[in-house]
Amino acid sequence: MRRVVVTGMGAITPVGLNAEEFWNSLKEGKNGFGEVTYFDSSEYKAHLVAELKGFDAKNYMDFKSARRMAAFCQYAVAAAKEALDASGIDMKEEDTFRVGCSVGSGIGSLQVVEQAHQNLMEKGPKRMNPLMVPLMISNMAAGNVSIQFGLRGKNINVVTACATGTHSIGEAFRSIQCKDADVMVAGGTEAAITPVGFGGFAALNALSTSTDPDRCSIPFDKERDGFVMGEGAGIVVLEELEHAKARGAKILAEIVGYGATADAYHITSPAEDGSGAAKAMENAIAEAGIAPEDVQYINAHGTGTHHNDLFETIAIKKVFQEHAWKLKINSTKSMTGHLLGAAGAVELIACVKQIQEGLIHQTAGYRVPDEECDLDYVTDGPQKLDIRYALSNSLGFGGHNASLLIKKYED
């Protein structure tokens with residue numbers, strides 16, 4: 001199989017509107033939580049979210065293009081622009097049919113759906129926005145990234161709820177391995193903090209009802225009571241190794257394994273024995289040709305819900321046995337909240353940054369140990385570690401599991 005490397009990264013997150021700001025916030029333990037500002041949340045069960053701060057689409061694209069995109073597409077284009085610029089790739093020098101796109105969204109645009117429904121009820125079907133469908137559908141993130149940057153290769157949209165970002169990067173990785181493309185722009189995006197989206201997750205009792213920004217998203221803590229909705233996008237540029245070397249690209253890390261499984265168990269809960277998530281991790285490790293003991297660090301899905309954190313811990317123990325207690329494990333969601341379809345992509349960027357700097361960010365907000373979640377979740381501030389192999393996990397409603405194994409690049 002062809003080797004696949006990361007050469008560019010872009011992040012639009014609640015704790016930073018570019019990859020460097022995002023990483024600096026993680027190092028500082030800075031969270032992005034606050035009261036909902038997009039609508040009145042006074043009658044909802046939950047009140048805290050992780051909204052973007054200061055995002056203006058016109059900083060990343062022309063006004064006309066921005067008007068024809070829903071927020072989730074704007075975020076994807078903005079992150080893709082940063083990733084492509086950082087990669088140094090010159091599309092004028094590329095066979096554009098060999099440069100593809102794999103960008104997913106778990107939901108698409110609820111904003112467009114809500115506005116369309118209001119127009120329909122108040123003004124009738126003749127006043128429907130003719131662009132409603134192309135604004136709403138989740139594949140338009142990949143479509144708009146492709147259009148904006150002239151990517152004419154393989155163009156796909158993976159939708160696997162909260163595993164979307166990881167699956168999107170994993171399928172891009174496979175596409176390059178199998179010679180479908182030489183370069184893939186890949187990741188996830190989401191903008192679902194709307195009355196319907198927020199209300200739906202709250203009705204499911206999935207959201208934290210805490211009103212303390214420092215104690216609302218507390219993965220693996222005994223007092224955890226749900227996740228905090230976030231929004232944003234994470235995009236990476238993946239390249240076949242020789243292609244990257246031929247153009248003198250700066251190589252940030254290498255992806256060496258990808259595992260994808262299904263629990264076939266429940267529409268919202270992970271399998272209680274952790275078997276599905278465990279097999280995804282095992283498959284990623286097996287593809288890399290290493291032993292479980294070679295993995296030093298895991299970026300956990302770590303949502304802050306009781307079931308997710310417990311069953312993911314069980315899955316890690318199932319795979320790593322005694323080595324599980326030697327692993328460093330953290331949750332980026334403790335600061336960004338849960339970016340849903342964008343989560344896995346943003347967290348892969350965090351993995352690459354941690355490998356590059358030899359520094360593992362803390363799981364912020366953690367205070368109360370849980371006897372059932374008894375691994376090392378990096379709770380006392382950042383820890384220095386020379387990381388050679390890192391795993392990034394994502395689990396999605398419907399029983400979707402995905403794991404990516406990232407390696408420090410070695411020629």
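Just so you know, these numbers come straight off a predicted model, no measurement behind them.
Of the charged side-chain nitrogens involved, none lies within less than 4.0 Å of a carboxylate oxygen, so that K179 and E240 do not count as a salt-bridged pair.
Side-chain contact annotation: T166 with S394, donor-acceptor N/O pair under 3.5 Å present. For D212 and S210, the side-chain atoms include no donor-acceptor pair closer than 3.5 Å. Under 3.5 Å, the side chains of S217 and N31 contain no donor-acceptor pair of N or O atoms. Side chains of N129 and N119: a donor-acceptor N/O pair is absent below 3.5 angstrom, by distance only. With 3.5 Å as the limit, one finds no donor-acceptor pair spanning the side chains of T332 and E347. Donor-acceptor pairing under 3.5 Å is lacking for the side chains of E223 and Y366. With 3.5 Å as the limit, one finds a donor-acceptor pair spanning the side chains of T268 and H266. Side chains of Q354 and N330: a donor on one and an acceptor on the other come within 3.5 Å. There is a side-chain donor-acceptor pair under 3.5 Å between E287 and Q177. Looking only at atom types and distance, the side chain of H307 has no donor-acceptor partner in the side chain of E312 under 3.5 Å away. With hydrogens and angles left out, the side-chain atoms of E51 and T37 include a donor and acceptor closer than 3.5 Å. A side-chain donor from one of Y265 and E272 sits under 3.5 Å from a side-chain acceptor of the other. H167 and T160 form a side-chain donor-acceptor contact under 3.5 Å, judged by distance and modelled atom types alone. Side chains of T7 and E239: a donor on one and an acceptor on the other come within 3.5 Å. Using a 3.5 Å distance cut-off with no hydrogens or angles, the side chains of Y75 and E190 do not pair a donor with an acceptor. With 3.5 Å as the limit, one finds a donor-acceptor pair spanning the side chains of K328 and Q383.
Annotation: K154, atom NZ; neighbour count of heavy atoms from other residues, nucleotides and ligands within 6.0 Å is above 12. Around atom CG of D62, more than 12 heavy atoms belonging to other residues, nucleotides or ligands sit under 6.0 Å away. Crowding of K53 atom NZ: a count of heavy atoms from other residues, nucleotides or ligands under 6.0 Å exceeding 12.
Interatomic distance, I156 CD1 to R174 CZ, rounded to the nearest 0.5 Å: 12.0 Å.
A distance-only check finds a donor-acceptor pair linking the side chain of Q296 to the backbone of R388 [under 3.5 Å]. Between the side chain of R224 and the main chain of H306, a donor-acceptor pair closer than 3.5 Å is present.
Listed by chain and residue number, nothing satisfies the salt bridge (Lys or Arg N to Asp or Glu O under 4.0 Å) test with K45 (two or more places apart in sequence, or in another chain).
The two residues A50 and T336 come nearest to each other via the heavy atoms CB-O, 3.2 Å.
Screening T313, T363, D309 for a side-chain hydrogen bond (donor to acceptor under 3.5 Å, both in side chains) involving Y377 leaves a single residue, T313.
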Step-by-step ring pair (Phe, Tyr, Trp, His ring centres under 6.0 Å) determination, F201 to F227: CA-CA 9 Å; F201 279 116; F227 69 80; 5.4 Å; yes
